[in-house]
Amino acid sequence: MKVRNRLRRGATTLEVLTAASISTLVLFGAILAFLSGMGSWAKGSGRIASETRSQSAIRAISQQLREAMSVTVDEDGLGLNYRFPKVDGDGNYIVPAEWDGIERRIEYKSGAIQIIVEGNKHIVCTGVTLSDPLRDPNDDKYKIFTKGPGAITRQVTVQIVSQHTGKMDGYERARIRETIYLRNIPAITR
């Protein structure tokens, strides 16, 4: 008697269920990896936006204050007034230094830092927060502007913490701090 091989014409129910289960697990794992990657991308993108914003603001403020001849920091540390020296027709500073008569101010207002020159406002940074992520949350607000030691302000420390939406559940923050030395302080008479 000859044994005939029967040709199988389909898969059993058990084989179909096993294949479907494995496919579902692989698909679920791929979706989780994709969502995790998107979350990391959003977090990184928010961090980059915050750091770029803060660094740009520090550069703009630094450029202004380095040329100043005097700076007066507000008591709360959220603003300052500064003066530029007068220049002659060639753009050189007049010696001895004299104030050019133009009112200038940098201040924090409603989540933004703005430079004000004779009433004209220019926003240099948005998304500024007054809570420092490296300090105790129960502490008071940090000071954006801190004057240096001594009776005459020769240096100003500027700290900016900005935030930008990162992942769906929160913000990404960047903290930039720089000490700026004033270049045009007039000589003190003896």
Side-chain angles (χ1 to χ4, degrees), residues 44-136 139-165 171-190:
S45 176
R47 179 75 175 190
I48 289 170
S50 294
E51 287 179 3
T52 302
R53 215 184 267 170
S54 296
Q55 288 172 353
S56 175
I58 288 285
R59 270 193 308 276
I61 292 168
S62 177
Q63 184 179 18
Q64 292 289 310
L65 294 183
R66 280 198 174 98
E67 299 301 318
M69 62 183 278
S70 71
V71 172
T72 307
V73 178
D74 296 351
E75 193 66 34
D76 62 2
L78 299 180
L80 57 82
N81 296 314
Y82 62 102
R83 294 179 171 180
F84 276 1
K86 190 182 283 188
V87 295
D88 62 15
D90 295 328
N92 298 319
Y93 293 118
I94 295 175
V95 178
E98 298 176 31
W99 177 39
D100 67 359
I102 298 174
E103 295 291 333
R104 294 175 174 87
R105 179 163 175 78
I106 302 173
E107 68 182 9
Y108 167 85
K109 190 167 193 168
S110 303
I113 295 179
Q114 55 190 358
I115 296 175
I116 305 168
V117 178
E118 291 187 313
N120 298 320
K121 298 177 182 179
H122 171 69
I123 295 176
V124 293
C125 189
T126 58
V128 177
T129 179
L130 294 178
S131 62
D132 187 349
L134 299 179
R135 292 178 56 171
D136 183 6
D139 284 349
D140 289 338
K141 301 181 256 187
Y142 71 94
K143 293 183 176 187
I144 295 174
F145 305 103
T146 308
K147 72 179 201 123
I152 297 174
T153 303
R154 298 179 184 279
Q155 68 187 43
V156 177
T157 301
V158 180
Q159 177 178 320
I160 297 176
V161 178
S162 68
Q163 63 185 11
H164 191 272
T165 54
Y171 292 98
E172 288 301 315
R173 291 190 171 117
R175 178 182 187 261
I176 306 290
R177 183 180 188 151
E178 183 174 317
T179 300
I180 302 165
Y181 296 91
L182 282 63
R183 294 181 183 161
N184 296 313
I185 299 173
I188 300 174
T189 57
R190 296 177 190 181

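One-based numbering along the sequence shown.
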For Ile94, look at atom CD1 and say whether over 12 heavy atoms of other residues, nucleotides or ligands are found less than 6.0 Å away.
yes
Are any of the side-chain heavy atoms of Gln64 and Phe84 separated by less than 4.5 Å?
yes
Check whether Asp88 reaches the backbone of Asp90 with its side chain - one donor and one acceptor, N or O, closer than 3.5 Å.
yes
Are Ile61 and Tyr82 packed together at the side-chain level, in the sense that at least one heavy-atom pair is separated by less than 4.5 angstrom?
no
Using only atom types and a distance under 3.5 Å, with no angle test, would you say the side chain of Ser56 pairs donor to acceptor with the backbone of Thr52?
no
Nearest heavy-atom pair of Phe145 and Gly79: which atoms, and what distance?
CD1-N, 3.6 Å
To the closest 0.5 Å, what do you measure between CD (Gln55) and OG (Ser162)?
9.5 Å
Rounded to the nearest 0.5 Å, what's the gap from CG on Leu182 to CD on Glu67? Could you check?
9.5 Å
Looking at Arg53 and Thr126, what are the two nearest heavy atoms and their distance?
CD-O, 2.8 Å
I'd like to check Ile160 versus Val128 (side-chain heavy atoms, cut-off strictly below 4.5 Å). Are they in contact?
yes
Leu80 versus Leu65: any side-chain heavy-atom pair under 4.5 Å?
yes
Here the gap from Ser70 atom OG to Arg83 atom CZ, rounded to the nearest 0.5 Å, amounts to 5.0 Å
Taking salt bridge (charged side-chain N to carboxylate O under 4.0 Å, His left out) as the cut-off, I'd like each qualifying pair that reaches into residues 92-105, sequence neighbours left out, listed once.
Asp74-Arg105, Lys86-Glu98, Asp100-Arg104, Arg105-Glu107
Heavy-atom closest pair, residues Ala60 and Ile115
O-CD1, 4.4 Å
Evaluate Leu78 against Leu130 for side-chain contact (heavy atoms from CB on, under 4.5 Å), listing each step before the verdict.
CA-CA 9 Å; Leu78 299 180; Leu130 294 178; 3.8 Å; yes
Rounded distance (nearest 0.5 Å) linking atom CD of Glu178 with atom CD1 of Ile58
6.0 Å
Apply side-chain contact (heavy atoms from CB on, under 4.5 Å) to Ile123 and Gln114, showing your working.
CA-CA 4 Å; Ile123 295 176; Gln114 55 190 358; 4.3 Å; yes
Which heavy-atom pair separates Lys143 from Asp76 by the least distance, and what is that distance?
CG-O, 3.6 Å
Donor on one side chain, acceptor on other, Tyr142 and Gln159, under 3.5 Å
no
Gln163 to Ser50 - nearest heavy-atom pair and separation:
C-OG, 3.5 Å
Would you say the side-chain atoms of Arg177 pair up with the backbone N or O of Thr157, donor to acceptor, closer than 3.5 Å?
no
